[in-house]
Amino acid sequence: MRGVTFTLILLGIALAIFALGRWFGSSYAFFMGYVVLQYIVLGTAWNILGGYTGYVNFGVTAFFAIGAYSTVVLHKLIPAMPLPVMIVIGGGLAGLVGLGTGYLTLRLRGVFFSIATLALAVVVQTLITNWDFVGGARGAYVLRPRVAPLIGGEYVQYLFLMMLIMCVIVLATARAIERSALGYGFAAIRDDEGAAEASGVPTLRLKLIATGLSGGFMGMAGAPLPYYVTYLDPASGFSLNYAVNAIAMPLIGGTSSWAGPVIGAVLVGGLQEYLRVTISSAVNVLVAGVLMVAFVIAAPQGIVGLFQRKRK
Amino acid sequence: MSALLTVAGLGKRFGGFVALDGIDLEVQAGERLGLIGPNGSGKSTLVNCICGTLQNEQGSVRFADETIDGLSAHQRTRRGLARSFQLPRPFAGLTLAENVRIPILYAVNARPSGHLHGAAIDERCLELLALVGLAAKARQRPRDLTQIEMRKLELARAMAADPKLLISDEAMAGLSHAEVDEIIALLIRLNEQGVTVIMIEHIMRAVMEFSQRIACLVAGKKIADGSPKDVVRDPEVVRAYLGE
C-alpha cells in the first residue's frame with residue numbers, strides 16, 4: 001500500500017514539474033530537463049544491478065544504444081508508430097539483451113563481469129556501425145514532428161513528459177525492490193554470493209532479474225534519444241558520457257537508496273548543464289570524473305550515506 | 001526407519017587430486033555426529049558436496065528420502081539442509097536482524113508449509129538472535145561483533161532456514177575455553193529442539209563432549225565410525241593424528 005502512496009506522490013511531483021515547465025514556457029528548460037531526467041532513469045537502472053546487487057556494469061552504452069537504435073529501426077519501418085510503443089519495444093529488446101548477457105557472464109564475478117560488459121558495448125557498437133539500414137557510421141536522421149501529440153506545444157515537451165513518466169516508473173520500481181524480498185536477496189548477493197546461496201537465495205535467477213530489469217530500463221531511457229537529437233550516429237549514441245554519468249551519479253548520490261541516483265543526477269546533471277552554457281561543452285565529463293573521484297575518497301556512501309550517518 | 005542423511009560411495013576430484021574417495025556415511029534423525037580428521041583430510045569438501053556448494057562426481061547423497069545429487073545449494077537449503085561457514089561470512093551491509101531475515105524470506109517462505117509476513121518475520125528474527133544471545137545487537141552491523149558473536153550469528157543464520165540438519169563447520173576454532181563451552185551448549189540446545197547436527201571440529205574436548213558418534217576422515221577416506229570412545233582409541237585414528 002505504501003508503494004502506491006509513493007507512486008502517487010511521485011506522479012504528483014512529476015505533474016507539478018511539468019505544469020511549471022509549461023507555465024515557464026521555455027523550450028531550453030525542457031531540453032535541459034530532459035537530460036537530467038534521462039540520467040535519473042539511467043542512473044537508477046545502473047544502480048539496480050550495480051548498487052543493489054553489486055555487479056558493476058561498464059556497458060551502459062550498449063543497452064542505452066539498443067533502445068535508441070530500435071527507435072531508429074521502428075521509425076524507418078513504421079513512421080507512424082507512437083513513441084510510447086517504441087519505448088516499450090526498445091526497453092524490451094535491451095532487457096532481453098540484458099538477460100542474455102547475464103546468462104552468459106554472471107558466472108564471472110567482480111572485475112571480470114565488468115570487463116565482459118565493456119566488451120559487450122564494443123561488440124554492439126561494432127555491429128551498429130556496420131549496419132547500413134540504421135545509417136552505419138554515417139548516422140541516421142530522425143525527423144521530429146513539429147507539434148507534440150495529445151498535449152500540444154513543442155515536441156520536446158512531449159519527450160520531456162515521456163522521460164518524466166519513465167522516471168516515475170523506474171523510481172517506483174527501485175523503491176519497491178528495496179523494500180521487498182527481492183531487495184534483500186540482491187543485498188545478500190552483493191555481500192556474499194556463497195553465503196546467499198547457502199541461505200536459500202536462488203542467486204542465478206535473481207541476478208538475471210537484475211540484469212534484465214537494469215538493461216531494460218537503460219533501453220527505455222535510450223529509446224526517445226533519436227527524436228531528441230534528430231541525428232544519431234554511433235559516436236554519439238555510444239558516447240562515453242552516458243556510461244560515465246550513469247555510474248558517477250549513483251556513486252555520488254549514494255547507491256544504497258533510490259534517492260541516491262536522483263540526487264546525483266540532479267546535482268551533476270545540473271552542474272554539467274550550467275558549465276556547458278557558461279564555460280564550455282567539453283567540460284562536463286571532467287565534472288563527473290572529478291566529482292566521482294572526490295566522492296569515492298571522501299564519501300564512499302554518497303550524499304545519502306552522509307545524511308544517514310548524521311541521523312545516527 | 002531410513003536415515004535422514006545417506007552419503008553413499010561419494011567421490012570428488014580436483015584435477016588429479018582425489019579429495020574424497022568412496023565415502024559412506026549415514027546420519028539418523030536427531031543424532032549428534034562429530035566429524036574429525038587432520039587438516040586437508042576432506043572434511044570441508046565433504047560438507048560442500050553435501051550442501052551443494054560443490055557437486056560430487058561419484059556416489060550419491062540422499063536427504064530426507066530424496067536423492068539430492070545435482071541440486072544447487074539454495075535448493076538443498078530449502079529442503080532443510082543448513083550449514084555455517086568455517087570463516088564467518090556475514091552479509092556485511094545488512095544488520096544482524098536482516099542477516100537472519102534472508103533465510104526466512106528465501107528458505108522458509110519458499111516451502112509450501114511456512115509463510116511468514118510482516119511483523120511475524122521481525123518477531124522470528126529477534127527470536128533467532130535471542131537464541132544465540134544477540135538480540136540486543138539486532139540493529140547493528142556484523143563489523144561491530146566480536147569473533148564469538150560472529151560465530152553465533154553464523155549459527156543463527158543457519159538456524160533461520162529452519163533446517164532438519166545443521167552442519168556446523170569449525171564454529172569454535174580460535175575461541176577460548178569458556179566460549180567453546182558456550183557454543184557446545186548452544187548446539188546441544190538446538191539438537192534438543194529436534195535438529196540433527198553434524199559438528200566438524202578440531203577441538204577434541206568439544207567433539208568428545210558433544211558427539212554421540214564420531215566419524216574420522218583421513219586423506220579423503222573414512223577410516224573410523226563409531227562411539228566417541230572407540231574412535232579415539234582406534235589405532236588408525238591415532239596413527240593419522242600422531243604418526244607412527
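- Using a 4.5 Å heavy-atom cutoff, the side chains of A:Pro202 and B:Arg78 are in contact.
- B:Glu57 CD: more than 12 foreign heavy atoms inside a 6.0 Å radius.
- Using a 4.5 Å cut-off between heavy atoms, A:Ile189 does not touch chain B at all.
- When heavy atoms are compared at a cutoff of 4.5 Å, B:Ser72 approaches chain A by way of both its backbone and its side chain.
- Summarising the geometry of A:Arg190 relative to B:Gly93, their closest heavy-atom pair is NH2-CA, 4.4 Å, with the distance given to 0.1 Å.
- In this structure, the portion of B:Arg157 lying under 4.5 Å from any heavy atom of chain A is its side chain and not its backbone.
- Contacts of B:Arg76 with chain A are absent, with no heavy-atom separation under 4.5 Å from either backbone or side chain.
- Smallest separation of non-hydrogen atoms from B:Leu105 and A:Ala181: CD1-CA, 3.9 Å.
- The environment of B:Phe14 atom CZ is dense: over 12 non-hydrogen atoms of other residues, nucleotides or ligands sit within 6.0 angstrom.
- Nearest heavy atom pair, residue B:Leu94 against residue A:Ala187, reads CD2-CB, 3.8 Å.
- Closest heavy-atom contact between A:Ser199 and B:Ala107: O-CB, 3.9 Å.
- The two atoms that bring A:Leu182 and B:Tyr106 nearest to each other are CA-OH, 3.4 Å, heavy atoms only.
- In terms of heavy atoms, B:Phe91 sits closest to A:Asp191 at C-OD2, 3.3 Å.
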